[in-house]
Amino acid sequence: MAASPHSTATGGVLPAPLVLLEAGVVRVVEWIAGALVLAEVLVLFAGVLSRYVWNEPLVWSDELASMLFLWLSMFGAVLAFHRGQHMRMGALADASPARTRSRLEIVALVACLVLVVVLLPHAIEYAVDEMAVVTPALEVPVAWRASGLPIGLALILFFGLMRVARLGTLRDFAVAVVLAAALVGVALAARPLILSLGNWNLVLFFVVFVAMGVLSGIPIAFVFGLAALSYVALGTGRPLTVIAGRLDEGMSHLLLLAVPLFVLLGMLMELTGMARAMVNFLATLLGHVRGGLSYVLVAAMYLVSGISGSKTADMAAVAPALFPEMKKRGAKPGDLVALLAATGAQTETIPPSLVLITIGSVTSVSIASLFIGGLLPALVCGLALCTLVWRRYRHEDLSGVRRATRGEILRAFVLALPALALPFIIRTAVVEGVATATEVSTLGIAYSVLVGLLIYREFNWGRMLRMLVDTAALSGAILFIIAAATAVAWCLTQSGFSRDLAAAMGSLPGGAPVFLLVSIITFVVLGSVLEGIPAVVLFAPLVFPIAKNLGIHEVHYAMVIILAMGVGLFVPPFGVGYYAACAIGQVNPTEGIKPLWGYMVALLLGLALVAAVPWISIGFLS
């Protein structure tokens with residue numbers, strides 16, 4: 001796990017009253033965050049029971065869950081900030097001498113505080129503006145939800161100031177503050193020049209600024225937030241409250257509720273013994289094969305992908321069940337998180353992927369055809385990953401591993417059957433339309449609790465509060481990145497960048513092959529800064545007619561751009577998905593960079609094969 005930029009730059013001791021104050025605030029935040037996770041589970045589970053058991057839907061359950069979700073996201077982000085769990089790319093800082101590293105981390109802390117200080121008054125203004133809006137079911141002001149944003153930012157500011165108070169010397173901090181103030185002053189003075197650049201200022205804010213911030217060790221979410229805030233303040237005439245609104249939007253979508261619920265589900269699988277039973281079975285089945293559990297990870301992501309509608313949630317459902325045993329067998333944490341990220345990109349086309357559904361809805365392509373066409377391209381990319389796994393692990397020492405007998409495999413299978421059934425139950429329920437992904441995740445939690453109590457008889461109630469708090473912190477780190485990325489996506493949309501991109505692609509020479517190549521490059525870049533669904537909504541209606549005019553089958557083209565977006569989503573330094581994978585695997589992002597490139601090359605080769613051979617995507621269409 002990468003430490004936050006302020007965690008290692010502290011050396012002083014807080015006065016006793018401040019220590020007590022900070023400890024008290026931490027305890028309150030932890031209790032509230034844990035209670036919010038539990039409340040979300042109970043509210044959604046009550047909605048499921050009312051709808052499917054008593055046939056009397058609770059019209060207010062989704063609304064209440066959405067209101068609580070922003071508070072859960074922000075309190076989780078606060079805990080992640082306090083614990084140093086926000087994802088960052090510390091390559092430059094980690095490679096620097098100790099003194100330079102300390103200064104970079106203080107600069108990064110100041111950058112986080114600048115974002116919070118500038119955004120906080122506008123978040124308060126945004127929450128006040130929402131007072132006039134009333135929710136349709138509960139009939140309460142939306143400000144009750146929106147107020148979670150300024151309160152969360154205020155708590156981040158509080159913990160940031162506590163870090164400042166701990167600094168062994170304030171000289172470096174003062175220098176960093178002066179430097180930040182000078183940069184802000186220069187930027188404000190240069191605003192006319194920035195405005196004159198037109199859309200070229202996007203390069204300044206979202207390429208140069210983001211790259212410098214990420215590489216210098218500022219947490220990814222705060223870099224994205226600062227970039228979006230700077231663009232709105234210096235490159236447009238819009239009020240900064242729009243950034244607060246986009247953060248709210250990014251952390252209020254009910255679909256994303258699956259993230260903390262699947263994080264909790266993964267922890268429950270470990271707590272109840274389900275994960276151990278599953279891993280033991282997989283180990284008896286493939287443990288004697290070199291790289292066997294890596295193959296299992298690829299296959300497991302293929303099986304469970306799409307059950308939550310969120311790639312982050314899919315990874316959260318798989319990784320906790322497999323990583324502990326894989327680490328025991330000698331796998332390096334960096335390689336594990338790299339493979340996890342690669343499988344996240346590989347499985348974007350597997351139904352019931354919401355990206356497939358969205359493409360069908362905005363382009364009028366048959367969703368059934370997209371579902372049929374998505375399985376084989378993901379399998380091709382999975383085989384490419386497995387080929388690299390074989391190469392990397394072909395010399396793995398298995399001298400201490402005994403091959404299991406058939407009887408041992410059968411016994412392990414029977415014991416693991418309740419655990420193995422869970423992904424199939426979830427997928428079947430979603431595919432058949434029995435319940436939404438978020439609802440199904442609550443059923444999975446209830447199922448795990450019952451299986452742990454009645455079958456495996458392993459359930460430590462004393463760990464529940466800590467588990468709920470850890471779920472909130474991990475989810476907050478992930479969701480705050482997504483929220484900030486939503487703000488960046490809005491900036492790109494409002495700039496007219498999407499229209500300009502479509503026009504440029506439509507005028508390319510070279511016919512279908514060149515158009516496919518440029519589409520791959522374009523959507524890899526878009527995937528690195530946009531979630532799949534926003535990118536699809538923005539660009540699919542514009543580029544699909546071009547592809548059709550060039551004779552490219554619409555299902556084939558859909559598979560190509562979805563896989564390309566998946567690669568972009570998991571490629572650092574900008575790909576949000578990679579940092580989410582690192583957060584789930586609790587691995588420093590720097591450790592996974594080197595092995596990740598090999599997996600990404602394998603995925604690109606698989607993508608090239610899918611693009612070159614249309615039959616892979618359309619061969620099974622009637």
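Put simply, the side chain of Glu591 does not reach to within 4.5 Å of the side chain of Lys332, judged on heavy atoms. Counting only heavy atoms from C-beta outward, the side chains of Val242 and Thr236 never approach each other to under 4.5 Å. Side-chain contact between Leu72 and Ser475 is absent, with no heavy-atom pair separated by less than 4.5 Å. In this structure, Ile562 and Phe523 have side chains that are not in contact, with every pair of non-hydrogen atoms separated by 4.5 Å or more. Counting only heavy atoms from C-beta outward, the side chains of Leu247 and Thr486 never approach each other to under 4.5 Å. Side-chain atoms of Ile593 and Tyr578, non-hydrogen and from C-beta on, do get closer than 4.5 Å to each other. The side-chain heavy atoms of Ile359 and Ile561, taken from C-beta on, include a pair separated by under 4.5 Å. No side-chain heavy atom of Thr387 sits under 4.5 Å from any side-chain heavy atom of Arg391.
For the atom pair CD1 of Ile618 and CD1 of Ile372, the computed distance is 12.5 Å after rounding to the nearest 0.5 Å. How far CG of Leu609 is from SG of Cys381: 8.5 Å, rounded to the nearest 0.5 Å. To the nearest 0.5 Å, the span separating CD on Glu63 from CG on Leu68 amounts to 11.0 Å. Rounded to the nearest 0.5 Å, atoms CG (Leu376) and CE (Met559) are 10.5 Å apart. To the nearest 0.5 Å, atom CG of residue Leu297 and atom CG of residue Leu339 are 4.5 Å apart. The line from CG of Leu261 to CD1 of Ile445 is 5.0 Å long, rounded to the nearest 0.5 Å.
Here the closest heavy-atom approach between residue Ser617 and residue Pro377 is recorded as OG-CG, 3.8 Å. Taking all atoms of both residues into account, the shortest heavy-atom contact from Ala581 to Ala341 is CB-CB, 4.1 Å. Shortest non-hydrogen contact noted between Ser73 and Leu479 is OG-CD1, 3.3 Å. Among all heavy-atom pairs drawn from Ala345 and Gly566, the shortest one is CB-O, 3.3 Å. Listed here is the closest heavy atom pair of Ala583 and Leu474: O-CD1, 3.1 Å. The two atoms that bring Leu149 and Ala244 nearest to each other are CD2-O, 3.4 Å, heavy atoms only.
Partners of Leu375 under the side chain to side chain contact (heavy atoms under 4.5 Å, CB included) rule, at least two apart in sequence or in another chain, are Tyr302, Ile350, Pro351. Residues that satisfy the side chain to side chain contact (heavy atoms under 4.5 Å, CB included) test with Asn201, not counting sequence neighbours, are Ile194, Leu197, Phe205, Tyr231. Checked against side chain to side chain contact (heavy atoms under 4.5 Å, CB included), Ala611 has the following partners two or more places apart in sequence or in another chain: Ile520, Val560. Not counting sequence neighbours, the partners of Trp615 by the ring pair (Phe, Tyr, Trp, His ring centres under 6.0 Å) test are Phe620. With sequence neighbours excluded, the residues that form a side chain to side chain donor-acceptor pair (under 3.5 Å) with Tyr557 are Ser519. Shown here are the side chain to side chain donor-acceptor pair (under 3.5 Å) partners of Arg238, two or more places apart in sequence or in another chain: Gln494. Taking Thr363 as the reference, nothing meets the side chain to side chain donor-acceptor pair (under 3.5 Å) condition, with sequence neighbours excluded. Residues satisfying the side chain to side chain contact (heavy atoms under 4.5 Å, CB included) test with Ala77, not counting sequence neighbours, are His86, Phe480. Scored by the side chain to side chain donor-acceptor pair (under 3.5 Å) test, Asp335 finds Arg392, Tyr393, Tyr599 as partners (sequence neighbours excluded). Take Tyr295 and apply the ring pair (Phe, Tyr, Trp, His ring centres under 6.0 Å) test, not counting sequence neighbours, and it matches no residue.
Residue Phe45 qualifies as open at atom CZ: its count of foreign heavy atoms under 6.0 Å is 12 or below.
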Side chains of residues 548-555: which donor-acceptor partners sit under 3.5 Å, not counting sequence neighbours?
unit_1	atom_1	unit_2	atom_2	d
Asn549	ND2	Pro545	O	3.2
His553	ND1	Val555	N	3.1

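A donor-acceptor contact shorter than 3.5 Å links the side chain of His556 to the backbone of Val610. Between the Gln346 side chain and the Ala378 main chain, a donor and an acceptor come within less than 3.5 Å of each other.
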With side-chain contact (heavy atoms from CB on, under 4.5 Å) as the test, would you mind laying out the steps for Val210 and Phe224 before giving the verdict?
-> CA-CA 7 Å; Val210 170; Phe224 285 171; 3.9 Å; yes
Given the rule in the side-chain contact (heavy atoms from CB on, under 4.5 Å) test, do Leu422 and Leu265 qualify, once you have shown the distances and angles that lead to the verdict?
-> CA-CA 11 Å; Leu422 180 58; Leu265 178 58; 4.1 Å; yes
Going through the checks in order, is the side-chain contact (heavy atoms from CB on, under 4.5 Å) test met by Leu336 and Val587?
-> CA-CA 9 Å; Leu336 291 182; Val587 174; over 6 Å; no
